[in-house]
Every structure is written in structure tokens, then in C-alpha cells.
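First comes the structure, then the notes that go with it.
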Amino acid sequence: MTGFYLSRLPQIAFGSGVLANLPAIARKFGTRALLVTGAGSLKDSVHWSRITTGLETEGISWRHLSIPGEPSPRMVDDAVANLRSERLDFVIGIGGGSALDAAKAIAGLLIPGNSVMDHLEGVGPELPYIGPATPFIAIPTTAGTGSEATKNAVLSLQGVDGFKKSFRDDKLVAEYALIDPDLLTSCPPAVVAANGMDALTQLLESYVSSRAAPLTDSLAWGGMKAARDGLLVLHADTGNATAREQMAYAALISGITLAQVGLGSVHGLAAPLGAFFPIPHGVTCGTLVATATRINIEALWARDPHHPALEKYALVGRLLSKQGHLNREAAHTALIDTLEAWTHELELPRLAHYGVAHADIPRIVANSRGSSMKTNPVLLDDDEIAAILSARI
Ligand SMILES: [Zn+2]
């Protein structure tokens, strides 16, 4: 059996209605909270008044910070500079991946007070993070990134010299993750589609990762089964409580598995694509995953037909297509066909929709070899990576 290392996880409460436990959980961390949310509709929802009234009932005072769009290093540094003197006891992040990542990074730096640029991977001095982090409670309102379970905050600077990089440390993992599938009720279908494909991609990539391990394999398998049963149903009807639970579960598990064993070529490409173009992360994953899976399978057949990832891709093909009898080659085809069918049904736009052109490919490929690409099951050459992009422009 492959050896493995299990890094820190948050304490987790999962289930319909668990948001009601927030005030009691929060009280254990102190009486002064920072609430970080997205710019979206949470403040107008019934959940907001429940959350704030519940905190006040427990004697907890709160400050609110809303994050417009994907967080940048400047946004994090400004928040830390403005809030440091308030001696906040804990941070609650409520929202999609952007809000949770911003909250996670701010919680990491409220006490140390230095710039997040000191620690971002691949840019700047990459100083070790000493901490301490302010306790962080993560409450996802979308089913996608799994940020509630990961040790990294993704920050981006968009534009020609843009980047999309992680502030990563075990100390940044949330103390508590509260996953209440009822919060997904207000997710628009396009957000369900993009986030759901992100979760599915994260599960598939960690399942075939070069660092994959038995423990994460079993988790990823259950997550993929939940996504298979929940994704299209939730996209059609966010009122479906079972589908909400299935996708909230798939997203949580995808965060756990990616934090342990890493990702693959889709996420390798998502970093430069998200830095250079205004493409939501989930859309990148959804639009690329079928083609990237095909290119991986072809490269594995060509280089090493006995590679264990080929057997794993076949298992996933049988799982997602619900055709348990297929031989290995047919199961590979079924996997690619199923992913393509879902991409089509979920109406995930092509890259050109966001301004990506064939002339951009070399620059994207050149910036795709970050940490995720390193755990792809097969080392792809530049032409193979370019082929993933050109098929989806
Ligand atoms: Zn992702």
C-alpha cells in the first residue's frame, strides 16, 4: 500500500440546518468577530439576519467586510491594515471560494501584520509563514472550491503581468467548517454548473494524482458518486434538497482530497488562465476537464500502458457513465463522453468567450507548470498542454 501523510483538517459540521449552530460554535473563539462575505446577495437574505442576531444573542460583536470578486493581495493587505488594531478574536468567512479565500488570508495575517506578498508561492520572497493565525470559521454558500477544507488561499492580480497564486500553510486551515446545504438554495444555475464542475475536477484530479493515496482515493470515489447523482439535478432545480446535499458533500470532499494529494493539468492551466483573463475558476475547470482527461489518457497509453492511473480512469468512466460492464478502453471513452456531455448540458462557455485566442496559447502554457501540474499523473509536454487549450478556444 502507498504510504501517506494526512495533514490537518478543520472540525466539520455538515447537514441541513447546521448554520443554526454557528453562534454557539463562535462563542468558543471569543466575543469579537470579523464577518467576511462576497459582494453578493447574502446581506439581503434571511440567513444574514439569522447569523448576526444569533451572534449578538451570544454576546459577540462583529465587523463586516465584503469582498468584490476574486481577492487580490492588495485587498488582503488593506483589510489587515484597517482591522489589525481592533483585536478581533476570530474570522468568519461566509460565501463562495473568493470570500472564503479572502477570509482565510486575512485571518492568517491579522496578528503578524505583514504583507501577504511575503508568502505567495512563485512571486516575491516566499518567506515561511510563522503565524499565529486568528481562528477561522468557514461557511461555504456555493458547492465548488472546497476552500472550507484547504490550507491555501488563492489570490490573483489580473492583467498582462497578472498571476494567480496561493498563500499556503497548514496553520491557515479553518478551525471549523460549517457546511449547510440549505445555503445553496439561492445559487444561480450558471454558478451551480461552474462550481460543480470545479468540485468534480478536483475529485478526479486528486484521484489520479501522482501523490494519490488509499485514504483520499476512497473519499474522492464517494465524492464523485455524489457529484454524478447531484450535479445535473441541482443545476435544473436548486430546490432539490438531496441534490444540494450531494453537491455540498462533493465540494467539501474535493477540498479535503486536493489539500492532501494535489491536482492536475486542469488546475495547472486554471492559474494562468485566471490571471490573464476574467474567467471564473469553475468555468475554466468545467470547460477544460473533458479534453484534459482525454489528453492525459492518450499520453498514458503512449508512454506507459500499465500505469495505474489508466485503471483508475477506467473505474471513474464506469462510475460516472453507470456502465459497470465496460472494458478498459470502452470505459475511457465513456468517461470522456460523459464529461463532454455534462460540459454541453451545463452550458459551460468556451475560452474564446473570455477573450482567449490561439496566439495566447504559448504564454498560457509557459505559466502552467505550477504546483498542480506537478501532480498530474503523466508529465505532459508543451504541445500536449497546448492541445488542451486549442481544443476549447
Ligand atoms: Zn478548483
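Nothing here was measured: the structure is a model prediction, and the numbers come from that model. Start at 1 and go down the list; that is how both ligands and their atoms are numbered.
Among the backbone and side-chain atoms of Thr145, no N/O/S atom is found under 2.8 Å from the Zn ion (ligand 1). Backbone or side-chain N, O or S atoms of His281 reach the Zn ion (ligand 1) at under 2.8 Å.
Closest approach between the Zn ion (ligand 1) and any N/O/S atom of Asp198 involves OD1.
Between His119 and Asn114, the side chains place a donor N or O and an acceptor N or O closer than 3.5 Å (distance only, hydrogens not considered). At a cut-off of 3.5 Å, with distance as the only test, no side-chain donor of Thr201 or His267 sits close to an acceptor on the other residue. In this model, no donor atom of one side chain and acceptor atom of the other lie less than 3.5 Å apart for Thr37 and Lys43.
Here Asp382 pairs with Arg369 in a salt bridge; the nearest charged N to carboxylate O distance falls below 4.0 Å.
Seen from the Zn ion (ligand 1), atom NE2 of His267 and atom OE1 of Gln202 lie 110° apart in angle, a value rounded to 10°.
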